[in-house]
Amino acid sequence: MRFKLITATCLLALGLFTTADAVEINQDGANAVRDNLAKLLSKELAKSGLVTVNPAGTRYEIIYDLAKLFARADPATTAINGSTSFSTFATPLENGLWDIKGDDSLDMSVRFIGPDRKQGEFSLSLESFAYGGVFDPAINFLRSSTYAAKKISLSSKFAAKETSFSFADANYSSNFADSAGGNGRVDLVGNGSTYGFFERISDPGMPPVEIRADSIDVGLKANAVPLAKLIDTYVFVMEHDDEEEYSRETHHRVKELLTQIMPLFSSFNETVGLDNPTVTSQAGLVRAKTFGYDLAVDGSADAVRFGFGVNAQEISLDSSLVPASYSALLPTSLNAKLAVPNMNFAAFGDLYVTLDFDKPTPEGFGEKGMQKLFPDGEVTIDVPKVNVRSDIYDFDISGEIKGRVDGAEQYSMEATILARDLDKTITALQGLAKTDPDLSQVSFGLMMAKGFAKTDPDGRSRWDISIGRGGSVVVNGQVIKAADQP
């Protein structure tokens, strides 16, 4: 938890610099920078000496000492070793901006004994990490930035649970530009890559799992982000982090800030791609040539669309748990896209702002929130495309499912299934059934389905399926099942 906090702090660390015009580098200025940076920390950490700022010629040196994260730990049960500090340098520019640079390394470990007398260990090592950017006080953040690191490893061990990951190289760059709509909002574009990724997880309750990838590529885009307001909100919360209960005035200010930052963005896109990923466990080895996913959120605040996609190519599984006759049934490629449209986050947010934090949450408030998020309690799942293939089949699926958020079992579905070379699939299944009779039922079921199929101009078999909320089932215009009687 604390490590995540310092990571976030380092990213936001320069969020309270003033305009660099006519800045005079001196100890008073260094103290002011230190005090402003302390606002981004909990009060306990701010007093620990985690951040030190010194004048260094024509710039400020900001020193972070990660050992201070454990300042309140008992020295008799906690040992900190290695290099624990690194520096960031901030140089004022003539245009009022700040040039930010850092080039350092870390190699630290922490050994401790927990309250239950169990031993634990945490270690972090970076052979080198360098970063640079231009900070703009107008948005309280870096307008542009680049990061590069080599030979990074992180591990933790506690009560026989062990987690470790490492990668050989990593780089990331980002850029913030003023949004077309103004209002102090910005558009983010970020891209990064890691190489030689490895992660291992072990737990007494499960066999070890190892994950590898030659490389991981990440892309981010977010439009109309209220960045400065987000930082203001974070600072305000940190100023009151030691209060057991917020005062009515503090509650009111929190609501004001939350109202100002909504919506968090007008659109958001994330893409992640892995080359040659593998997952190894006691169950076997799963590998793929490529694997990736993408997230997309867009639309107005009262009609948000959330989309998700996943893609994997040249998938293979080597496992003694899968009989040889079933190997041909496992997909070798997958391309799927799903979406949930028409979510009303504006109404959802307006409802939560009405909460009185000094009183218990009203009964049924969660259900009411879901009714606001999904107008009239109706939820829709769009399936623009699902393609799944193996050596013996090739299916495309698309459609739409509608249901309710109140748990009602009634739902409706409109779907289209397309099968390429269906006869080839049936023949292959019949061959596999010679060694595994259970597969004969699968081949028989496909032959039955073929009887309802239509043939498209490209030769694919088609099934247009409609399921009504009354329980009716219609395939290619033929009524398979009538609606249930009331």
Side-chain angles (χ1 to χ4, degrees), residues 4 7-8 11 141 145 147 165 167 170-177 179-181 185-194 197 199 211 213-227 230 258 261-277 279 286 288-313 315 331 333-349 352 369-370 372-375 379-388 396-403 405:
K4 292 180 179 179
T7 302
L11 291 175
F141 211 73
S145 61
Y147 305 85
F165 80 85
F167 43 89
N171 61 75
Y172 181 78
S173 63
S174 66
N175 185 71
F176 287 92
S179 299
R185 291 177 174 255
V186 295
D187 299 336
L188 161 67
V189 177
N191 294 281
S193 299
T194 64
F197 175 82
E199 181 174 9
I211 304 170
D214 288 351
S215 64
I216 303 175
D217 296 316
V218 178
L220 293 173
K221 289 184 179 180
N223 292 329
V225 179
L227 187 58
L230 282 170
L258 291 176
I261 65 176
M262 297 300 291
L264 293 176
F265 44 74
S266 62
S267 65
F268 174 85
N269 295 86
E270 179 186 49
T271 60
V272 176
L274 288 76
D275 284 334
N276 295 316
V279 179
V286 181
K289 180 66 174 177
T290 60
F291 173 82
Y293 74 83
D294 61 89
L295 299 175
V297 183
D298 52 35
S300 59
D302 59 354
V304 174
R305 181 182 186 275
F306 175 84
F308 173 77
V310 62
N311 183 288
Q313 300 298 320
I315 308 168
S333 72
L334 171 67
N335 186 2
K337 292 187 178 298
L338 304 173
V340 179
N342 301 322
M343 292 187 288
N344 192 338
F345 277 94
F348 183 77
Y352 270 81
M370 295 302 291
K372 292 289 187 180
L373 182 61
F374 297 98
V379 58
T380 299
I381 301 176
D382 285 336
V383 186
K385 178 182 181 180
V386 174
N387 175 258
V388 57
D396 283 299
I397 303 169
S398 60
E400 179 184 81
I401 302 172
K402 291 187 176 182
V405 298

Original post:
Any Lys/Arg nitrogen of Asp294 or Lys337 sitting under 4.0 Å from an Asp/Glu carboxylate oxygen of the other?
Top reply: yes
Original post:
Can Leu188 and Lys221 be said to form a side-chain contact (heavy atoms from CB on, under 4.5 Å), step by step?
Top reply: CA-CA 5 Å; Leu188 161 67; Lys221 289 184 179 180; over 6 Å; no
**OP:** Determine whether Phe176 and Leu227 make a side-chain contact, defined as any pair of heavy atoms from C-beta on separated by less than 4.5 Å.
**Re:** yes
Original post:
What do the steps show when you test Phe374 against Thr380 for side-chain contact (heavy atoms from CB on, under 4.5 Å), and what is the final call?
Top reply: CA-CA 9 Å; Phe374 297 98; Thr380 299; over 6 Å; no
**OP:** Apply side-chain contact (heavy atoms from CB on, under 4.5 Å) to the pair Phe306 and Met343, showing each step before the final yes or no.
**Re:** CA-CA 8 Å; Phe306 175 84; Met343 292 187 288; 3.5 Å; yes
Original post:
Taking side chain as C-beta onward, heavy atoms only, is Leu230 less than 4.5 Å from Leu264?
Top reply: yes
Original post:
Do you know which two heavy atoms are closest between Gln313 and Ser333, and how far apart they sit?
Top reply: OE1-CB, 3.4 Å
Subject >> From CZ (Phe345) to CE (Met262), nearest 0.5 Å >> reply: 7.5 Å
**OP:** Say whether Ser179 and Asp187, considering side chains only, have a donor N or O and an acceptor N or O under 3.5 Å apart.
**Re:** yes
Original post:
Can you name the nearest heavy-atom pair linking Pro226 to Ile261, along with the distance?
Top reply: CG-O, 3.4 Å
Original post:
Which residues pass the salt bridge (charged side-chain N to carboxylate O under 4.0 Å, His left out) test with Lys402, sequence neighbours left out?
Top reply: Glu400
Subject >> Residue pair Leu334 / Ile315: nearest heavy atoms and the distance that separates them >> reply: N-CD1, 4.2 Å
Subject >> Distance (rounded to the nearest 0.5 Å) between Phe141 CZ and Ser174 OG >> reply: 7.0 Å
Original post:
What's the verdict on side chain to side chain donor-acceptor pair (under 3.5 Å) for Ser267 and Asn223, showing C-alpha distance, side-chain angles and the deciding distance?
Top reply: CA-CA 5 Å; Ser267 65; Asn223 292 329; 3.0 Å; yes
**OP:** Give the C-alpha distance, both sets of side-chain angles, the deciding distance and a yes or no for side-chain contact (heavy atoms from CB on, under 4.5 Å) between Val297 and Phe265.
**Re:** CA-CA 9 Å; Val297 183; Phe265 44 74; 3.8 Å; yes
Subject >> Closest non-hydrogen atom pair between Pro384 and Arg305, with its separation >> reply: CG-NH2, 4.2 Å
Original post:
Closest approach of Thr194 and Ala170, non-hydrogen atoms and distance?
Top reply: CG2-CB, 3.8 Å
Subject >> Shortest non-hydrogen contact between Asn344 and Lys372, atoms and distance >> reply: CB-O, 3.4 Å
Subject >> Set of residues satisfying salt bridge (charged side-chain N to carboxylate O under 4.0 Å, His left out) with respect to Asp302, sequence neighbours excluded >> reply: none
Original post:
Which value, rounded to the nearest 0.5 Å, describes the distance between Ser215 atom OG and Asp275 atom CG?
Top reply: 3.5 Å
Original post:
Using a distance-only test with no angle check, is there a side-chain donor-acceptor pair under 3.5 angstrom linking Ser173 and Asn191?
Top reply: no
Original post:
Do the ring planes of Tyr172 and Tyr147 sit parallel (below 30°), tilted (30 to 60°) or perpendicular (above 60°)?
Top reply: tilted
Original post:
When rounded to the nearest 0.5 angstrom, what is the spacing between OG1 in Thr271 and CG in Leu220?
Top reply: 7.5 Å
Original post:
Can you tell me if Asn387 and Asp396 form a side-chain donor-acceptor pair at under 3.5 Å?
Top reply: yes
Original post:
Hey, what do you get for NZ (Lys289) to CG (Leu274), rounding to the nearest 0.5 Å?
Top reply: 13.0 Å
**OP:** Quick one: pull up CG in Asp382 and CD1 in Ile401 and give me the separation to the nearest 0.5 Å.
**Re:** 9.5 Å
